[in-house]
Chemist: 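Structure incoming, see below.
Just so we're on the same page: letters track the sequence lines, and every chain starts at 1.
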Number of protein chains: 2
Amino acid sequence: MLDKIESKGTEKFSPRQNAVLEEALRLLVSGGEKALTTAGVARAANCSKESLYKWFGDRDGLMEAMISYQASKVRTGEGAHTHLTRETLEKALSDFAHDLLDVLSGDVSLALNRLAIGQSSRDGSALGAMLLERGRRQIDKRAMNLLVAAKRAGLLDFDEAADAYEVLYGLIVRDLHVRMLLGEDISVLRKEFGSRADKAVDAFLRLFGTRKALAD
Amino acid sequence: MLDKIESKGTEKFSPRQNAVLEEALRLLVSGGEKALTTAGVARAANCSKESLYKWFGDRDGLMEAMISYQASKVRTGEGAHTHLTRETLEKALSDFAHDLLDVLSGDVSLALNRLAIGQSSRDGSALGAMLLERGRRQIDKRAMNLLVAAKRAGLLDFDEAADAYEVLYGLIVRDLHVRMLLGEDISVLRKEFGSRADKAVDAFLRLFGTRKALAD
DNA sequence: TCAGTTACGTACCGTACGGTACGGTTCTGT
DNA sequence: ACAGAACCGTACCGTACGGTACGTAACTGA
C-alpha cells in the first residue's frame, strides 16, 4: 500500500506515469504555470484526476515529479578527458559553452525554472533546490572535471576549481538566463550564442590559461 | 474623464496612489505573487477595490504601476568621473559591484523579478521588458559611463563598451541572480558579496586593464 | 469464470479571486 | 453653506481551480 511517493528523491515512475508527466511538461511549456491545472493535465494525458492525486499526492507533488522526471531525461555524459592539448581544451570549453546555452535556452528548462521561481516565495517548496541539484549540478560536474583535467595537464592554473568554474559560467551566461526568464525573444538571443561562447572561452583562457595554453 | 492610465510609461501617481503602491509592494515582498490580491491590497492600503480599478485599470495595470513606481524610487546618480586613476577606477568598479549585488539581492527587486517572470509566459505582458528597461538600464548606464571614462583615461582598453560591461556583469553576478530567484538563502550568499566583488574587479582589470592600470 | 485491483470519466464541493455595484462619508471648490 | 466629486467599506457575482467521491470499464491472477 504505497500511496505516498517513496524514498523522496530517487523514485522512478511507471511508463504510464512518465507519459502523464511528459504531457504535463508539454502543457506547462505551452501555457505557463497558469495552464498547469490538475484538470488540464488529466484531460491532456487521458487520465483521471483521481489517478493524479494517487500517484503524486497533490499539485505540488506533481510539479516535483515533473522536475524529477525531466532531470532523469537529461543525463549528461561526463566523458573522460585524456590527451588534453590547447586545441582540444579550447574545443571542449567551446562545446561546453554551447551545450550550456542550449540547455538554459530550452523550452522545458525555461518553463521549469519559471515554475520553480514562482513557487519560491511560498513556504518550503524545494522546487528551486531540486532544479539546481538535479539539473544544474550535473552540468557543473562535467565542466569541473574538464577544468581539473586541464589543470593536471598544465593548461590551466587556479586554486579552486569551483571558483574558476563560476567565472567560466559568468563569462558564458552573463545576464542571459534572467533575460530569457523575463521573456526576451529567444530567437534573437540565440543568434549570438556562437560569438558569446567564443568570447567567453577566449576570456576564460586569458584569465586562467598557462603560458603553455596561450602559446600560439 | 481620464479613466485610463495615460501616456503609457511616464505617468506619475498621486501621493495617495504612491502610498497604495508602497503597500502593494510590501504585500508582494511578504507573500509572493499569490498574496497580491486586489482585496488584499485594498485592505492593506485602506482603500477600496473600486479605487484600485479606477486608478490602475485592472490587476495587470496595478502590477505595471508597482514596477513603474519602484523604478522611479531608485534613481542612480550617474556621477561624473574626473581624475580617474588606477586606484579610483578600482574603487569605482568595486563600489559598482557592491551596489549591483545589493540591488539584485534586495527584497523588492527579487519579488518584482519573480512577479515579472511569472507573468512572462502569459501574453504580451511587458512586465519583464519594463523591469529591464526601467530598472537595470539605469544601472547599466552608470557602469558604461564609468567604463568609457576609464578608457578615455587610458586605464581600460576595449572595442565595445557594451561588451566589456557584459563581461563585468557576468564576472560579478555569475549565477547568483537566478539562484536567489530560485529561493536560495540570501543571508548565506550575502556574506560572499565582498570577495565576489573583489574577485570580479580583479579579473575584469586583468582582462581589460591597460599596462598603465596594471602597474603596481 | 470470478473476485480484486487499477484506473478512467464525470460530477460535485468549497473556496478564493477578479471584477462590479452601491450606499454612505469625506474632501473640495465656489 | 452647499453641490459635486472622490473615495471608502462592504456586499455581491461569476468563474476557475484544487481536491474528493463514485460508478464503471479494463485488466490480472487463480
Chemist: Between Asp60(B) and Arg122(B), is a salt bridge (charged side-chain N to carboxylate O under 4.0 Å, His left out) present by the stated rule, with each step listed?
Modeler: CA-CA 11 Å; Asp60(B) 289 346; Arg122(B) 284 278 297 163; 5.7 Å; no
Chemist: With a 4.0 Å cut-off on N to O distance, would you call Glu64(B) and Arg134(B) a salt bridge?
Modeler: no
Chemist: Find the distance between CG (Leu28(A)) and CG (Leu21(A)) and round it off to the nearest 0.5 Å.
Modeler: 12.0 Å
Chemist: Rounded to the nearest 0.5 Å, how far does CG of Asp99(A) lie from OG of Ser94(A)?
Modeler: 9.5 Å
Chemist: Between protein and nucleotides 5-8 of chain D, what N or O pairs are separated by less than 3.5 Å?
Modeler:
residue: dC7(D); atom: OP2; partner: Trp55(B); partner atom: NE1; Å: 3.4
residue: dC8(D); atom: OP1; partner: Arg16(B); partner atom: NE; Å: 2.9
residue: dC8(D); atom: OP1; partner: Arg16(B); partner atom: NH2; Å: 2.8
residue: dC8(D); atom: OP2; partner: Ser48(B); partner atom: N; Å: 3.4
residue: dC8(D); atom: OP2; partner: Ser51(B); partner atom: OG; Å: 2.9

Chemist: Looking at CG of Asp198(A) and CZ of Phe193(A), how far apart are the two atoms once the value is rounded to the nearest 0.5 Å?
Modeler: 13.0 Å
Chemist: Decide salt bridge (charged side-chain N to carboxylate O under 4.0 Å, His left out) for Lys199(A) and Glu192(A); before the verdict, give the C-alpha distance in whole Å, the side-chain angles of both, and the deciding distance to 0.1 Å.
Modeler: CA-CA 11 Å; Lys199(A) 286 182 194 170; Glu192(A) 307 171 2; over 6 Å; no
Chemist: Mind running a 4.0 Å heavy-atom check of residues 25-33 of chain A against DNA chain D and sending the residues that fall below it, in number order?
Modeler: none
Chemist: List every contact pair, protein side and nucleotides 15-19 of chain C side both N or O, where the distance is under 3.5 Å.
Modeler:
residue: dG18(C); atom: OP1; partner: Arg59(B); partner atom: NE; Å: 2.7
residue: dG18(C); atom: OP2; partner: Thr38(B); partner atom: N; Å: 3.0
residue: dG18(C); atom: OP2; partner: Thr38(B); partner atom: OG1; Å: 3.3
residue: dG19(C); atom: OP2; partner: Tyr53(B); partner atom: OH; Å: 3.2
residue: dG19(C); atom: OP2; partner: Arg59(B); partner atom: N; Å: 3.1
residue: dG19(C); atom: N7; partner: Lys49(B); partner atom: NZ; Å: 2.7
residue: dG19(C); atom: O6; partner: Lys49(B); partner atom: NZ; Å: 2.5

Chemist: Using a distance-only test with no angle check, is there a side-chain donor-acceptor pair under 3.5 angstrom linking Arg114(A) and Ser121(B)?
Modeler: no
Chemist: Could you walk me through whether Arg137(A) and Asp140(A) pass the salt bridge (charged side-chain N to carboxylate O under 4.0 Å, His left out) check?
Modeler: CA-CA 5 Å; Arg137(A) 265 301 192 259; Asp140(A) 294 356; 3.7 Å; yes
Chemist: Could you tell me the separation between the CZ atom of Phe204(B) and the CG atom of Leu207(A), rounded to the nearest 0.5 Å?
Modeler: 11.0 Å
Chemist: Apply the side-chain contact (heavy atoms from CB on, under 4.5 Å) test between Arg196(A) and each candidate in Ile172(A), Val201(A), Leu176(A); give the one that qualifies.
Modeler: Leu176(A)
